[in-house]
Structure formats: structure tokens, C-alpha cells
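Note sheet for the following structure.
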Amino acid sequence: MEAGALIIFALLVLFAFLGLGVWAAVKVAGAAKRGVDRTITQARRTVEDTALRAKSLGQVGVPGALAQLRLDLRTSMRATQQALYQGVQTDASLKESIGLFERLSAHGHELDEELKRLEQEPDRRRIADGLPELRERTAKITEASDSLRWAARDRARRFAQDDLTALSEQIEMESGALRDWSRESVDDLAAAAEAAGATGGAAAGDGAPAAGPRPAALNPSAPAAHYPWQKTPRPEATT
């Protein structure tokens, strides 16, 4: 019975380790897949933005106008997204701004898809008639996006300035305290030395006058402390 229980326990441990290994492998594979997907998405965005930039500069009329609208929209939205999601790591109050930006992003994606479809539309005259409305929608979204981005940046800059001001004031106070402490220490040391000299002089005056030289001390004086930055004294020459 004991041998059977040990075998069952060993099998359970083995299955547990196997399960843990499979779970870790799945997690690693998932992380790798997400990394690959993210890289592919960024590469696709870069290629698409480059193509839009080339169209906006190299084509005139409706195709160039549509490409410029898409480029302006995507550039503004991406910059605001980066600013908000980076800023919320240090400023939790930006969560509400991120919520507003996500709602704005829905309109931005919708407009971007519409502009992308219109690039393949053969009826250029009809698209040209609708360009003013498309420009107005793009301007509303980009202006709202820019407003959120610059507000977040101004808030971060203000916090940095306030923190720097408070830090400067604390350093000035500490520096003043250090200077006052230094002066008090010097004054205390000078007063203590003066008092010690006066006490020694009074004690010598009250005692009997010394006759002849003082006897040598029974114990020699302790050698002076040697510091690593002092030169080693040379030994005296012997004859």
C-alpha cells in the first residue's frame, strides 16, 4: 500500500510539473505571438503612412487631398494616444482623458475607413463635392485630439515645475540650516578652548612655583597617528 501511494504521489507530481511546463510554454508562445503581431502592425502602419505621405506630395486633386486628410488624422491620433498612455503611468487622473480619447478614436477609425474607401472610388467629381464636409470632420477630430494631447503635456509640465520649485525651496532651507550649524560649531569650539585656557592658567597660579625643569614622564608619549596620505619618514643614518 505504501509503495502504491508513493507511485501515485510521484505520478501526480510529474503531471503537475508537466502541466506547469505546458502552461509556461503556452504563455511564452502567446507573448511571442503578441510581439510578432505588434511588430507586423507597426510595420504595416509605417508602410501605409509612407504611402500616404507620398500620395499627398506627389498627387494633386482628390487623391492627394484624401491622402493628406488620412495622414493628418492618423498622425494626430497616434501622437495623442502615445502621450496619454505614457502619462497615465505617473498621473492616474488621465484615465478619464483616455476614456474620452477612446470615444474619439471610434470616430477617427470610422472616418479613416471612409477616406480609405473613397480612395478607390472612381467618381472623382462626387468625392470633390464632399471634400469640404470631410475636411470639417477631420478638423473636428484632430482639434479634439490635439487639445487632449497638449492639455496632458501642459499638466505634466506644470507638475514638473511645481516639483522643481518645491525641491529648490527645500534645498535652500537645508543649505541655510547647514551654514548656521557650521557657525555655531565654530563659535562653541572657540569658547570651549578659551575657557580651557583660562582654567589652566588659574590652576597654575594657585599652585606652588615650579623649581627647575619638570621631571620626565614615566611613560613616553604615544606616537603620532599615521595617515595613509602621509609620506613614510626616512630612517636616520647610523654611523
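Excluded from the calculations below are hydrogen atoms, water molecules and symmetry mates; all remaining heavy atoms, backbone and side chain alike, are included. Being a predicted model, the structure only gives us computed values, none of them experimental.
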Student check: side-chain heavy atoms of Leu111 and Arg70 closer than 4.5 Å
no
Are side-chain heavy atoms of Val62 and Leu118 found at a separation under 4.5 Å?
no
Just how far is it from atom NE2 of His107 to atom CD1 of Ile141, taken to the nearest 0.5 Å?
7.5 Å
Do Glu114 and Arg137 have side chains that get closer than 4.5 Å, going by heavy atoms?
yes
Spacing of Leu115 atom CG and Gln68 atom CD [to the nearest 0.5 Å]:
11.5 Å
dist Ser97:OG -> Leu148:CG (nearest 0.5 Å) comes out at 5.5 Å
Arg153, CZ atom: more than 12 neighbouring heavy atoms under 6.0 Å:
yes
Please list, chain by chain and in numerical order, all residues satisfying side chain to side chain contact (heavy atoms under 4.5 Å, CB included) with Ile171, sequence neighbours excluded.
Leu167, Ser175
Looking only at non-hydrogen atoms, find the nearest pair between Gly108 and Leu73 and report the distance.
O-CD2, 3.4 Å
Residue pairs involving residues 85-96 (criterion salt bridge (Lys or Arg N to Asp or Glu O under 4.0 Å); sequence neighbours excluded):
Asp91-Arg155
Say you draw a straight line from CG of Leu71 to CG of Leu66; how long is it, rounded to the nearest 0.5 Å?
12.5 Å
Hey, does the side chain of Ser145 reach the backbone of Thr80 with a donor-acceptor pair shorter than 3.5 angstrom?
no
Where do Arg158 and Asp162 land on the salt bridge (charged side-chain N to carboxylate O under 4.0 Å, His left out) test, with the steps shown first?
CA-CA 6 Å; Arg158 180 60 182 271; Asp162 292 345; 3.3 Å; yes
I'd like to check Pro63 versus Arg124 (side-chain heavy atoms, cut-off strictly below 4.5 Å). Are they in contact?
yes
Could you tell me if the side chain of Arg149 sits less than 4.5 Å from the side chain of Leu84, heavy atoms only?
no
Apply side chain to side chain donor-acceptor pair (under 3.5 Å) to the pair Asp72 and Thr142, showing each step before the final yes or no.
CA-CA 8 Å; Asp72 293 343; Thr142 55; over 6 Å; no
Residues forming a salt bridge (charged side-chain N to carboxylate O under 4.0 Å, His left out) with Asp129, sequence neighbours excluded
none
Contact between Ser105 and Met77 at the side-chain level, heavy atoms closer than 4.5 Å - yes or no?
yes
